[in-house]
Every structure is written in structure tokens, then in C-alpha cells.
Amino acid sequence: MNLTSKDYVEYIKMISKRYEGCGDYITSLDAATGDGDHWTNINSGFLKLVEIADELEALSISDMMKKIGMTLMSAVGGSSGVLYGSAYLAAAKAAKESETITIDVLKDIYQAMLDAIMQRGNVQPNQKTMIDAIYPAVQALKISIADGFDEKEILVKMKDAALEGAQATKQMEAFRGRACYQADKGVGHLDPGAVTMSYQIETFVQYILTK
Amino acid sequence: MNLTSKDYVEYIKMISKRYEGCGDYITSLDAATGDGDHWTNINSGFLKLVEIADELEALSISDMMKKIGMTLMSAVGGSSGVLYGSAYLAAAKAAKESETITIDVLKDIYQAMLDAIMQRGNVQPNQKTMIDAIYPAVQALKISIADGFDEKEILVKMKDAALEGAQATKQMEAFRGRACYQADKGVGHLDPGAVTMSYQIETFVQYILTK
Amino acid sequence: MKKIMNQPENIIDEMLKGIAKANKDVIYCEGKGVIARREKSDKVGIISGGGSGHEPAHAGYVGKGMLDAAVCGNVFSSPDPERILEGIRQADSGKGVLMIIKNYSGDYMNFTMALDIAELEDRKANYVIVKDDVAVEDSTFSTGRRGIAGTVFVHKIAGAKAQAGASLTEVKETAEKAVQYIRSMGVALSSCIIPAVGKPGFVLNENEMEIGMGIHGEPGVGKSELKTSTEIAEILVSRILEDFEKSTSMEEAEVALMINGLGATPLMELYVLNNDVQEYLENKKIKVYKTFVGNYMTALEMSGCSVTLLKLDDELKECLDAPCNAPNFKV
Amino acid sequence: MKKIMNQPENIIDEMLKGIAKANKDVIYCEGKGVIARREKSDKVGIISGGGSGHEPAHAGYVGKGMLDAAVCGNVFSSPDPERILEGIRQADSGKGVLMIIKNYSGDYMNFTMALDIAELEDRKANYVIVKDDVAVEDSTFSTGRRGIAGTVFVHKIAGAKAQAGASLTEVKETAEKAVQYIRSMGVALSSCIIPAVGKPGFVLNENEMEIGMGIHGEPGVGKSELKTSTEIAEILVSRILEDFEKSTSMEEAEVALMINGLGATPLMELYVLNNDVQEYLENKKIKVYKTFVGNYMTALEMSGCSVTLLKLDDELKECLDAPCNAPNFKV
Ligand SMILES: Nc1ncnc2c1ncn2[C@@H]1O[C@H](COP(=O)(O)OP(=O)(O)O)[C@@H](O)[C@H]1O
Ligand SMILES: Nc1ncnc2c1ncn2[C@@H]1O[C@H](COP(=O)(O)OP(=O)(O)O)[C@@H](O)[C@H]1O
Ligand SMILES: [Mg+2]
Ligand SMILES: [Mg+2]
Ligand SMILES: [Mg+2]
Ligand SMILES: [Mg+2]
């Protein structure tokens with residue numbers, strides 16, 4: 001793989017479409033354990049990105065990531081705005097020298113995103129947050145690169161890990177965010193942020209594989 | 001007729017009993033055109049009088065009337081408290097020289113009560129208030145005394161006039177009190193104060209006739 | 001009917017105790033329903049009162065520069081003359097007492113009865129009657145207009161005038177002028193339940209509002225579908241201005257504005273309405289000198305609001321701006 | 001969901017416009033959700049903020065002696081770092097800015113992100129986190145306690161300290177002490193509806209109450225049958241005192257007391273509760289130095305209340321008593 005800014009923006013459009021279609025479901029997840037606005041937050045953020053698609057396309061990978069980060073941070077608000085914002089700003093730093101996104105650049109970008117979210121959110125894996133989708137994905141990505149799988153296999157493993165990770169949040173207790181004020185710490189409910197994060201990764205992989 | 005303070009207190013007990021029995025009805029009348037507290041007001045006032053019955057019995061007619069007025073004024077509150085209070089204070093003045101209540105004393109007392117209420121309330125007959133029960137009763141009392149009817153007939157005419165007067169409020173428009181804020185000025189509903197006033201007069205007559 | 005309370009019949013007494021415990025500048029005259037300033041001062045006394053259920057009216061307006069005493073009846077029920085007399089006594093320093101009465105016949109009768117008794121005690125007292133609700137036609141024949149949130153402005157004006165050392169006649173005169181210059185009107189989004197009645201005075205559907213209702217759960221002049229804040233601003237303010245114009249020109253007028261919550265309406269909504277009302281007034285070239293947004297005159301847990309305009313001249317401005325120490329109207 | 005509003009998506013912007021129109025001492029930085037003092041002063045700046053829906057928090061506390069700026073997000077949603085940065089800029093006179101954050105991870109993340117950016121602009125900023133709700137177990141591992149009504153006391157204390165000319169380090173130190181000395185807990189009689197969700201966060205039957213809920217419609221630690229005011233006072237205050245005792249003795253302590261309404265509860269009920277709370281404290285020989293009863297930190301149209309105690313020492317007393325000009329906390 002070897003993605004340009006234009007490719008990445010196509011992916012952004014694809015994930016935004018996907019979000020548009022799953023409003024009731026994601027809202028119901030956040031209404032069950034949080035305040036119900038996660039879908040509105042994330043959907044409005046990506047719509048905003050689609051609006052500025054032309055501008056984004058014209059930027060270098062790093063500048064595009066930075067612009068995405070700043071845009072999400074101010075358009076989304078709440079917890080996920082600042083977390084996605086921090087993640088993309090960190091990705092911009094990681095991609096400083098990259099002209100395109102290769103599989104190795106992707107690894108650096110996702111690792112940077114993961115670290116930024118964990119640091120900003122002060123969370124560990126298994127605490128019922130979006131980390132529980134991206135953390136296993138990054139692990140799968142790193143291991144399968146090291147193990148020498150081919151790109152398609154690597155991407156599928158990464159995607160599967162993200163989806164499984166999101167599903168696993170159902171049994172977890174929340175330590176951060178609104179769900180931790182629930183008497184049952186949200187046990188029995190999926191974490192909305194983990195689900196939308198897993199969609200990000202799944203759609204990204206689908207985009208590359210069907211390109 | 002020739003009533004002592006003790007007799008009058010017996011009548012007070014009788015009317016208080018009667019009020020106790022008609023809470024829902026009177027409350028519903030005031031709820032329809034006012035604020036629904038008329039029965040609570042008037043019932044608590046007369047219960048208070050029953051509580052101090054021994055004290056009242058021992059007083060002269062005039063002092064008893066004054067005490068009743070002061071008690072009702074402070075125990076009842078709202079519109080009817082001050083109106084009944086003013087009425088009984090005026091009655092006390094009218095009965096200053098009377099050792100008992102004869103039919104002529106009764107005429108003076110009722111006339112004084114009527115005047116006091118009209119003055120304090122700044123109302124005329126036909127304005128959908130308690131006046132519409134006591135005003136026709138006083139008219140009937142005066143006319144039938146002048147026409148030389150016997151006492152029983154006088155009392156029955158007075159009572160009938162009070163009851164009819166109360167019924168007549170159903171068609172009247174309110175000019176005073178809460179009912180005048182209703183879009184229909186209360187037309188179609190009985191005035192609660194007129195109904196309880198008619199009970200006062202009816203019970204008084206019943207008390208004398210069955211004594 | 002869900003309430004934080006103990007025995008319903010003690011609610012007013014316990015509330016007044018709670019008020020006195022919250023504010024060391026006042027005393028509660030137990031059994032008399034009176035909250036009075038602890039410090040007595042050598043000036044015309046100002047009292048107000050009426051039924052309870054309108055908190056912070058009236059006890060929240062007792063303080064230096066506003067009321068000397070508030071007389072509190074049961075929920076929406078006028079206090080009796082004895083209580084009012086106690087209020088007069090508490091407020092009287094020998095210079096006389098002005099009573100500020102909202103125009104309800106129950107209040108009028110009880111306050112004037114108290115005045116009659118006070119005169120027997122050789123006290124000087126007088127009164128003004130506030131009738132600011134333009135939803136109801138004014139009338140010299142029937143009781144006419146209700147007194148609603150505008151009453152709070154009259155408290156402030158009369159309190160400042162008295163504090164400045166004016167005589168009873170002068171205080172009354174200024175208060176009367178304020179009464180002439182005040183207009184209000186409200187809408188309700190839900191009714192309130194008087195404990196004694198147990199059911200709401202009117203019922204509204206999910207998309208209805210009641211226009212021009214009073215502050216005791218009594219219905220208003222009509223229902224309508226729920227309007228936007230911009231529309232509500234126009235309905236209320238245009239009616240108020242129309243009514244002003246019958247007796248005084250509002251061209252280039254300066255006003256004090258009160259956006260009053262009826263009890264259960266979030267401040268957020270009152271500020272949204274304020275935004276619309278001020279825009280409407282700006283278009284009409286009416287200048288807002290001072291704005292008050294909050295729950296000033298409530299009706300238990302009713303939701304909705306009222307808008308009040310007080311047309312100002314130099315004297316009224318001075319009175320409005322004078323320092324005031326009442327807990328719910330600090331200047 | 002019945003509201004006085006126009007387009008729901010404009011409600012916060014219109015509210016903030018309405019706030020600025022009501023109060024000539026503040027400006028509204030449009031598009032930035034910031035209400036800031038018009039007058040800039042040469043002292044440590046104090047800002048606070050968070051999701052909207054808690055009015056008068058936080059914009060009602062902007063004024064001399066309290067906050068220099070309030071940063072307002074959407075309903076119950078943390079403002080983004082750019083907005084907070086604007087708040088920091090508005091409040092910064094070169095002496096640095098203290099941010100008062102309620103302990104929600106969304107607020108914490110956005111405020112600290114803004115702080116990181118502010119430092120890149122060579123601004124000095126620091127923060128305290130308020131976590132006063134004793135309904136939730138405290139924890140260093142998870143987010144732990146929520147910040148609720150006690151936050152208002154921290155605004156006042158920090159504001160007074162800054163006004164007195166203290167340095168950023170000193171202001172932070174005093175604010176931290178206040179945070180350590182504040183405990184709150186609440187009960188709800190009905191929930192509130194977040195516009196985005198459209199249904200209440202919890203549902204209560206006619207005779208139920210929710211104990212220890214937060215201020216965003218999230219459920220509490222448990223339901224119970226509706227208790228009397230006396231019982232509610234005991235439940236809340238005993239839990240608060242117990243929690244204090246874990247870290248500081250309350251014997252003969254002096255406290256400031258806040259009886260806070262959540263939005264739709266009539267003042268009458270808050271005063272009844274105040275009566276009971278004060279009696280309870282008197283029995284425990286705890287002296288109430290000052291009492292605040294009213295809607296200070298609300299949750300839209302939720303009905304219910306919270307009780308907050310701030311244990312006082314001489315410094316905190318002085319800060320509490322210092323003059324303050326914020327519209328909703330005038331001293
Ligand atoms: N401290 C945190 N660290 C990582 N992720 C978090 C944290 N707090 C919340 N989240 C994620 O954010 C999601 C909620 O986002 P959103 O609803 O947009 O924000 P808010 O909680 O402010 O309403 C949660 O489902 C969770 O995945
Ligand atoms: N101005 C008035 N003059 C005479 N009677 C009046 C007047 N105002 C009210 N009333 C009478 O009082 C009755 C209502 O009494 P009540 O319910 O006890 O007082 P409130 O109206 O203060 O709640 C009315 O039904 C009417 O008969
Ligand atoms: Mg959320
Ligand atoms: Mg009545
Ligand atoms: Mg009444
Ligand atoms: Mg949120």
C-alpha cells in the first residue's frame with residue numbers, strides 16, 4: 001500500500017458515510033452508559049472533514065493529519081473530540097517525514113495515535129474505552145508485520161483485532177468517562193467510543209482492499 | 001325566638017358538622033372557578049370556633065360575636081376569612097345592647113353583616129359572591145317582618161331566599177375574586193362562597209325550628 | 001405532587017424558619033408569618049406580602065433598601081389581617097408604613113382591614129396596588145388586572161425612596177408612579193398544583209402553551225400551540241407596548257426589563273428569551289437601561305415565564321440603582 | 001421536552017447572547033462560547049467552564065471577585081480546547097490563569113489540552129480539579145468523584161484570593177485547600193432530558209427519589225421511596241460528615257452551607273430542607289457561618305437538590321466574605 005492525501009480523504013468520506021447511517025445505534029449505546037451524544041459528536045466531526053475535503057487533499061500527509069486533528073478537536077467537543085484531536089496531532093508528528101502512507105508509516109501513525117489517546121485520557125487497555133479497539137489493532141499490526149505476513153493479511157488481522165476488541169468492551173468495567181458513574185460500571189453494554197473506533201479501522205482496511 | 005350565647009354556640013357546632021360533611025363538594029366548586037381552598041378555609045375556621053365553644057358560651061352576645069369575628073379572621077385567611085371576620089365584628093357592634101337574639105336583633109345583625117361584607121369586599125349583589133346568598137335573605141327577612149308574618153314563616157322565607165340566591169350565582173359573571181380571571185367569568189358554576197353562606201343561613205333556621 | 005417537605009400543613013412555617021436560618025439579617029415572627037429586618041431604621045417602613053408559593057417573593061426582598069417586612073399567607077392564600085398588622089408593627093418606626101399590595105381582592109381586603117386596625121393603634125399606614133398584568137383588561141368596575149412580577153420593581157423603587165428619607169406621602173407617590181409605568185405578561189408551558197386542590201389549574205398538551213395566565217395556577221386568556229422564543233417575545237412585548245401606548249408614549253423610552261421565570265424553567269431558556277426580547281425592543285428603538293433575568297416571582301413548580309417593562313424617568317432610575325441588600329435583589 | 005427556544009442547535013449561542021445582553025460588565029466571544037469580564041485587571045485570571053445546562057454556572061459567576069471568564073460547551077458536553085484557550089486568553093493579564101475544572105474526564109482532557117497549547121503561547125496556566133460528590137467512592141485509580149455544586153465555592157474562594165493580589169501558586173494553593181474541604185451530595189425527584197438523547201437518564205415513579213445522582217441526568221447510587229425533608233437532610237448530611245471525618249475532624253467545625261436546587265424545585269422546598277439541615281448540624285454542634293439557598297448549579301429541568309458543606313478556616317472565611325460582583329453571587 002501507498003496512500004496519498006487524496007486517498008486518505010477518500011477514506012474519510014467513506015467512514016463519514018458509514019457514520020451517517022448508524023446514528024440510532026451509536027446513540028443508543030451512549031445513551032445506555034453515557035450522555036447519548038457520542039454519535040452526534042463524531043458524525044458532525046467527520047461531516048466537517050468532508051466539507052473541507054478539497055483543502056485536505058492538497059496538503060502533505062503530515063499537514064493533512066494536523067488539519068484533521070485541529071478540525072475534529074474544535075468541531076466535535078466532549079471527550080471524543082479532544083481524544084481524536086490529540087490522536088491526529090500525534091499522527092501528524094509521526095508522519096512528518098512521510099510523503100505517502102506505507103504499511104510502516106501506518107504502523108507509526110497508529111502507534112502515535114494510541115499513545116496520544118492513552119496519555120490524554122490517562123487510560124489503560126481493559127478500561128472500557130476506545131483504546132480497547134485501537135490497542136489490539138496496533139498489537140496485531142506490529143506482530144503480523146514482524147511475522148512477515150503479506151499486506152492484505154496484516155490489514156485483515158488488524159481489522160479483526162479492532163472489531164473483537166470493541167466487542168470485548170461489553171464485559172468490561174468503566175474506569176473513565178461517564179460510564180464509571182453507573183452502578184454497574186456499564187458492564188453488559190458496549191462502549192460507544194470503542195465501537196466507532198473499530199469502524200474507523202475496519203473502514204480503512206475495506207477502503208484499501210477494495211481500492 | 002330568643003337565643004342566648006349558648007344557643008348560638010349550639011348552632012355553630014351544627015354548621016361546623018355540616019361543613020365537615022361536604023368537603024369534596026365545596027372544594028370542587030372552588031377548584032372550578034377559584035383556587036380550591038374555600039372549604040379548607042371555612043371548615044378550619046368553624047372547627048376552631050367549636051374548639052373554643054366553652055369560652056364563647058360564657059360571653060355576652062356582642063362579645064361572643066366579636067370573638068367569633070376575630071377568630072375567623074385569623075384562623076381562616078384568604079377572602080372568606082376577612083369577610084366573615086368583618087361581618088361578625090359588625091354584628092358585635094349591632095348587638096351591643098342586646099342580651100339575647102330576638103327576631104329584630106337578628107335583622108339588625110344580618111343587616112350589619114351584609115353591609116360589612118359589601119363594604120369590605122366592595123361588591124354589589126349579582127356579582128357572584130357570598131353576597132348573593134345573604135342579600136336576598138336579608139331582604140326577605142325585612143319584608144316579611146314588615147308584612148307581619150309569624151316567626152316561623154319569616155325564617156323559612158329567609159332561608160329559601162338564601163338558597164335560591166346561591167343557586168342564582170350559577171348564571172352570574174364574577175367581578176371580584178379569582179373567578180373573574182376565568183375566560184368565562186365563571187358562568188355556569190356556582191359560587192362556593194354563596195353556597196356556604198346559604199348553608200349558614202339554612203342551618204341557622206333549621207336549628208331554631210327544631211330546637 | 002412530589003415535594004421535599006415534611007407534613008404539608010407545616011410547609012409554610014418550616015419554610016419561614018428556613019429563610020430566617022439562611023439570613024441572619026432577618027427575624028421570623030413565629031405564628032405570624034412575618035419575616036422582618038432585624039435592624040430597625042428611622043424611615044418609612046415598606047411591607048409587602050400575600051399568599052406563599054411565589055418565592056423568593058416576598059421574604060427574599062426583605063433587606064436594607066427594599067422591604068422591611070414580608071407577610072406570608074398559606075400557599076396562594078392571602079395572610080389574615082392579624083399577620084399583616086404584625087408586619088406593619090415590625091416595619092413601623094413612627095414614620096408610617098407603605099403596604100405594597102398585588103391586586104387580588106383577597107389581598108386587598110386583608111391588607112385594608114389590617115390598615116383599619118393599625119389606625120386604631122394610631123399608626124400611619126397607606127398602600128399602593130400593583131396591577132401590571134396586561135393579559136387581563138383593566139377595569140375600574142371589576143377587580144381588573146392582576147399584580148404579578150412587576151411588583152418586585154415596586155418593592156425596589158419604594159424601598160429606595162424610603163431609604164433616601166422621603167415621607168410616607170412622597171414614597172407612596174413615587175411607588176404609584178412606578179405602578180403606572182409597569183406592564184407585564186406571561187406564558188406557561190406547564191401548570192402548578194396547589195396542594196389543597198391536588199390537580200393542576202389547567203392542563204396543557206405536549207405542544208401547547210397557555211398565554212397570559214396568572215401566578216396561582218389559574219388559566220390565562222387562551223391556549224396556543226407552543227411558539228418559538230422569538231414568537232413568544234413578540235407576543236408578550238407587543239401586547240405590553242400596545243398597552244403602554246394607551247397612556248404614555250414609548251418612543252425612545254428607556255426601560256428596565258425583567259425576564260421572570262415561573263419556577264421550573266431553566267435559566268438557559270430565560271436567557272434565550274432575553275436575547276429575543278432585547279432584539280425586539282432594539283427594533284422598536286426602546287433602550288434597555290437595566291436587565292433582570294431570573295426567578296423573581298414564581299408560581300410553585302410552574303414552567304414558563306413573564307416579561308415586565310418598567311418605563312424609567314430620572315427618579316425611577318435613581319431608585320432602581322440605589323444600593324440594596326435583600327438576598328434576592330442585591331445591588 | 002418543552003422549551004422556550006428557537007432552533008435547538010442554536011440554543012447555547014442564543015443563551016450566551018442573552019447573558020451578554022443582560023449584563024453589561026461582560027462580553028460574549030461569539031463562536032468561542034466564552035463569557036468574559038469586560039474590565040481586564042492586573043491579577044491572576046480565574047476561569048471555569050464545562051458543558052452547558054448548569055446555569056447560572058458558569059457564566060453567572062463571571063464578575064469582579066469571582067471568575068474572569070466562563071467557557072461554555074454544548075449541553076452537558078465539554079467545550080473544546082480552542083474555546084478554553086480563548087477563555088485563558090481573555091483572563092490572562094500576564095500573571096497567569098487558574099482553571100477550575102469539575103472532575104469529568106471530558107473536561108479534564110479538554111482543559112489540560114488547552115493548557116498545553118497555552119504554554120506553547122508562553123502563557124502561565126494551572127488548574128484545580130473539584131471532586132466534591134461523596135455519593136461516588138473516591139479513587140486514585142479511576143476518575144473517582146464528580147464535581148458538582150461545591151465548585152461554586154471554589155470559584156468564590158479562588159476569585160477572592162486572586163482579587164487580593166495573590167500569585168498563581170498562592171491562588172492554586174488556596175483553591176486546593178477549598179477543594180479538600182468541600183463535600184456535597186444530592187437527591188433527584190425527577191430527571192432531565194438531554195436534547196440529544198430525547199429521553200430521561202433515569203425514570204422515577206411518583207413516590208421515588210434517586211439518591212446521589214450527578215448533574216447530567218446520569219443515575220445515582222440508588223433509588224429509594226420519597227423521604228421527608230428531615231430524612232433527606234439526614235441522609236445527605238450524615239454521609240457528608242462521615243466522609244469529612246475520614247480526613248479532617250468536624251468537631252466544633254465552622255462551615256459554609258449551600259442548599260442547591262437542581263433547576264425545577266421551588267425555593268419553598270429548598271428553605272424547608274435548609275431548616276432541617278441546619279437543625280441536624282446544630283445537633284452535631286457544627287456552626288453554620290454562612291448559608292446559600294438557591295439554584296447555583298443546576299441540571300436543566302431536573303427537580304431535586306444537593307447539600308454542600310465547606311469547612312472553613314480564617315483564610316477561607318475571608319475569601320468567602322470578600323466583595324463579589326458576579327450577577328449570581330453578589331456579596
Ligand atoms: N479518559 C478517556 N480515555 C479514552 N477514551 C475515553 C475517555 N473518556 C471517554 N472516552 C471515550 O469516549 C467515548 C465517549 O465519547 P463522547 O460521548 O463523544 O464524549 P462524552 O463522554 O464527553 O459525552 C467513550 O465511549 C469512550 O470510548
Ligand atoms: N370581594 C369580595 N366580596 C365578597 N365576597 C367575595 C369577594 N371575593 C371573594 N368573595 C367570596 O369568597 C369566596 C372565596 O373564598 P375563599 O376561597 O375562602 O378565598 P380565596 O378566594 O382567597 O381563596 C368566593 O366564592 C366569594 O363568594
Ligand atoms: Mg457522550
Ligand atoms: Mg379560594
Ligand atoms: Mg385562597
Ligand atoms: Mg457529552
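Order of the sequence lines sets the chain letters (A, B, ...), proteins ahead of strands, with each chain counted from 1.
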**Q** Tabulate below the donor-acceptor pairs under 3.5 Å that side-chain atoms of residues 82-92 of chain C make, not counting sequence neighbours, or state none.
**A**
unit_1	atom_1	unit_2	atom_2	d
C/E82	OE1	C/K32	NZ	3.2
C/R83	NH1	C/C72	O	2.8
C/E86	OE2	C/Q90	NE2	3.1
C/R89	NE	C/E121	OE1	3.3
C/R89	NE	C/E121	OE2	3.2
C/R89	NH2	C/E121	OE2	2.4
C/Q90	OE1	C/K40	NZ	2.8
C/D92	OD1	C/G94	N	2.8
C/D92	OD1	C/G96	N	3.4
C/D92	OD2	C/R123	NH1	3.0

**Q** Grab the two heavy atoms, one from C/M109 and one from B/G121, that are nearest each other, plus how far apart they are.
**A**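 Heavy-atom minimum between the residues: SD-CA, 3.5 Å.
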**Q** Counting only heavy atoms not in C/N207, do more than 12 sit closer than 6.0 Å to its CG atom?
**A**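 More than 12 within 6.0 Å, yes.
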**Q** For B/E99, does the CD atom have more than 12 heavy-atom neighbours from other residues, nucleotides or ligands under 6.0 Å away?
**A** no
**Q** Has C/K172 got more than 12 heavy atoms of other residues, nucleotides or ligands less than 6.0 Å from its NZ?
**A** yes
**Q** Please check if atom OH in B/Y88 has more than 12 non-hydrogen atoms from other residues, nucleotides or ligands closer than 6.0 Å.
**A** yes
**Q** Check side-chain hydrogen bond (donor to acceptor under 3.5 Å, both in side chains) between C/S306 and all other residues, then give those that pass, not counting sequence neighbours.
**A**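 C/N260.
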**Q** How many angstroms lie between CG in B/L83 and OG in C/S105, if you round to the nearest 0.5 Å?
**A** 8.0 Å
**Q** Grab the two heavy atoms, one from C/G106 and one from B/S79, that are nearest each other, plus how far apart they are.
**A**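 Where C/G106 meets B/S79 most closely, the heavy atoms are CA-OG, 3.4 Å.
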**Q** For the residue pair B/V82 and C/P81, what are the closest heavy atoms and their distance?
**A** CG2-CG, 4.0 Å
**Q** What is the distance from atom CD1 of C/I117 to atom CG of B/L89, rounded to the nearest 0.5 Å?
**A**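 Output value for this atom pair is 7.5 Å.
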**Q** Examine whether an atom of C/D107 lies under 4.5 Å from a heavy atom of chain B, and if so say whether it belongs to the side chain, the backbone or both; otherwise answer neither.
**A** neither
**Q** Among residues 43-73 of chain B, which ones touch chain C with a heavy-atom distance under 4.5 Å?
**A**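 Expected list: B/M70, B/M73.
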**Q** For the residue pair B/G77 and C/D80, what are the closest heavy atoms and their distance?
**A**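 Shortest heavy-atom contact: CA-CB, 4.3 Å.
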**Q** Apply side-chain hydrogen bond (donor to acceptor under 3.5 Å, both in side chains) to C/N10 and list each qualifying residue two or more places apart in sequence or on a separate chain.
**A**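 Applying side-chain hydrogen bond (donor to acceptor under 3.5 Å, both in side chains) to C/N10 gives none.
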